[in-house]
Protein chains: 2
Amino acid sequence: MTRFDPAQVMTAGCLCFRTRRLSRLITRAYDEALRPTGLQATQLTLLNAVAMGGADGQPMPRLTSILAMDATTLSRNLRPLEREGLIGIRQREDDRRARVAWVTPAGEARLEAALPFWRQAHSRIEAALGPDLADGLREGLDAAAGALSN
Amino acid sequence: MTRFDPAQVMTAGCLCFRTRRLSRLITRAYDEALRPTGLQATQLTLLNAVAMGGADGQPMPRLTSILAMDATTLSRNLRPLEREGLIGIRQREDDRRARVAWVTPAGEARLEAALPFWRQAHSRIEAALGPDLADGLREGLDAAAGALSN
DNA sequence: ATCAGGTACTTGTATATGCAAGTTCATCGT
DNA sequence: ACGATGAACTTGCATATACAAGTACCTGAT
């Protein structure tokens with residue numbers, strides 16, 4: 001009789017392990033494809049999220065909500081983008097605590113220049129997974145994020 | 001006619017964004033439940049992976065393969081566990097480059113003590129997602145990791 | 001008018017992640 | 001024997017992530 005083995009129990013079903021593992025795999029694939037753009041996958045995602053705010057920019061709480069990211073992480077992740085002049089951050093007049101991030105012209109240019117490389121990364125992943133798995137996974141990821149975002 | 005908008009294109013289908021976002025959500029939930037154990041989700045996963053090697057321990061390349069993690073990351077992630085005396089690392093006699101990680105008695109005890117808290121985290125997530133979504137997601141994550149691990 | 005409570009954000013600290021480059025060592029061909 | 005090649009690992013660097021705790025500021029109740 002073999003003794004009790006916690007090891008098997010956890011790896012058997014752990015969604016945390018699985019999500020993080022896939023996160024590493026996909027992020028490396030994207031980072032590699034994005035190398036020529038000078039942006040990492042995380043940075044492109046963030047720049048894109050800021051760009052979704054249009055000319056008005058995005059309030060920080062909106063970004064933390066979209067990305068499901070801690071405010072301190074957001075704050076620090078914005079810095080490399082700001083340092084490179086791709087985004088700006090301004091205070092709101094009506095609430096001096098609040099800050100709004102907006103994309104500079106340089107940031108817009110960089111975003112458009114990065115698009116083909118993003119597409120390439122995307123295609124490679126979709127090809128590796130096949131359309132059924134890719135679509136199913138996307139749906140599952142969205143549904144799970146929705147279920148945990150409250 | 002609205003102008004071309006890269007922002008929508010990327011968020012529309014990006015698996016990298018989605019996987020990382022869910023990773024953050026799930027990791028936070030696990031970390032919170034595991035707080036009493038003094039281990040973070042990543043650390044418990046790693047300790048568990050080492051424990052899977054049994055008395056022989058796990059060679060580093062085996063761990064990087066199981067976890068789909070860069071060797072440098074693995075190397076550094078092992079350190080907190082070693083510092084706390086939960087694992088040991090020894091050289092192999094037949095290949096002095098190679099190292100093997102093994103779980104100490106203290107590590108085994110910690111692992112068993114952590115199990116109920118891991119179960120609690122697991123149950124909470126499964127309950128939030130519902131069984132269908134949880135199972136489907138797990139399968140998708142495994143299949144995708146398999147497809148990208150070559 | 002003020003103050004209590006809550007929101008928005010930053011700083012300090014610790015871990016997580018991976019690329020580039022270096023060191024050590026095994027292996028294989030000659 | 002020995003040199004070329006490559007495998008295993010570490011160090012340096014930069015970014016990613018989040019909790020704890022602190023500061024600044026708004027808002028609503030009295």
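Scope of the values below: all heavy atoms of this structure, side chains included, with no hydrogens, waters or symmetry mates. Quick note on labels: first sequence line is chain A, next is B, and so on, each numbered from 1.
Looking at heavy-atom distances under 4.0 Å, Arg76(B) makes contact with a base. Nucleic acid contact class of Pro59(A) (heavy atoms, under 4.0 Å, all strands): none.
Closest to the side chain of Arg96(B), from the set dA26(C), dA16(D), dC19(C), is dA26(C). In this structure, the nucleotide among dA16(D), dT10(C), dA18(D) sitting nearest to the side chain of Thr73(A) is dA18(D).
For Asp95(A) and dT23(D), the CG to P distance is 19 Å, given to the nearest whole Å. Whole-Å rounding puts the Asp70(B) CG to dT15(D) P distance at 18 Å. Atom CG of Leu74(A) and atom C1' of dA8(C) are 12 Å apart (whole Å). Arg62(B) has its CZ atom 14 Å from the P atom of dC9(D), to the nearest Å. Rounded to whole Å, atom P of dA18(D) lies 6 Å from atom CZ of Arg24(B). When rounded to the nearest whole Å, the span between CD of Gln40(A) and C1' of dT15(D) equals 6 Å. Atom CG in Leu67(B) sits roughly 13 Å away from atom C1' in dT17(C) (whole-Å rounding). Summarising the geometry, the separation between CG on Leu78(B) and P on dA14(C) is reported as 20 Å, rounded to the nearest angstrom.
Arg20(B) has a side-chain polar atom (N or O) that falls below the 4.0 Å cut-off from OP1 or OP2 of dT17(D). At dC9(C), none of the side-chain N or O atoms of Arg99(A) fall inside 4.0 Å of OP1 or OP2 (strictly under the cut-off). OP1 and OP2 of dA7(D) both lie 4.0 Å or more from every side-chain N or O belonging to Arg97(B). Taking 4.0 angstrom as the limit, Thr72(B) places none of its side-chain polar atoms (N or O) nearer than this to OP1 or OP2 of dG18(C). Between dA20(C) and Arg35(A), a contact under 4.0 Å exists linking OP1 or OP2 to a side-chain N or O. The shortest distance between the side-chain N/O atoms of Arg83(B) and the OP1/OP2 oxygens of dT15(C) is below 4.0 Å. For dT15(C), the OP1/OP2 oxygens have no side-chain nitrogen or oxygen of Asn77(B) closer than 4.0 Å.
Between Arg99(B) and the choices Arg90(B), Met60(B), Arg92(B), the side chain to side chain contact (heavy atoms under 4.5 Å, CB included) rule is met once, by Met60(B).
Note that the CD1 atom of Ile125(A) and the CG atom of Leu148(B) stand 5.0 Å from one another [nearest 0.5 Å].
Along DNA chain D, the nucleotide nearest to Ser75(B) and the one nearest to Gln43(A) differ in position, and the one closer to the 5' end is contacted by Ser75(B). Between Leu25(A) and Arg79(A), it is Arg79(A) whose nearest contact on DNA chain C lies nearer the 5' terminus.
Side-chain polar atoms of Thr27(A) and Arg20(B) form a donor-acceptor pair below 3.5 angstrom.
With a 4.5 Å cut-off on side-chain heavy atoms, Leu129(B) and Leu15(A) count as touching.
Of the possible polar contacts, one joining the Thr64(A) side chain to the Pro61(A) backbone as a donor-acceptor pair under 3.5 Å is found. Without hydrogens or angle criteria, Gln58(B) side chain to Ala101(B) main chain gives no donor-acceptor distance under 3.5 Å.
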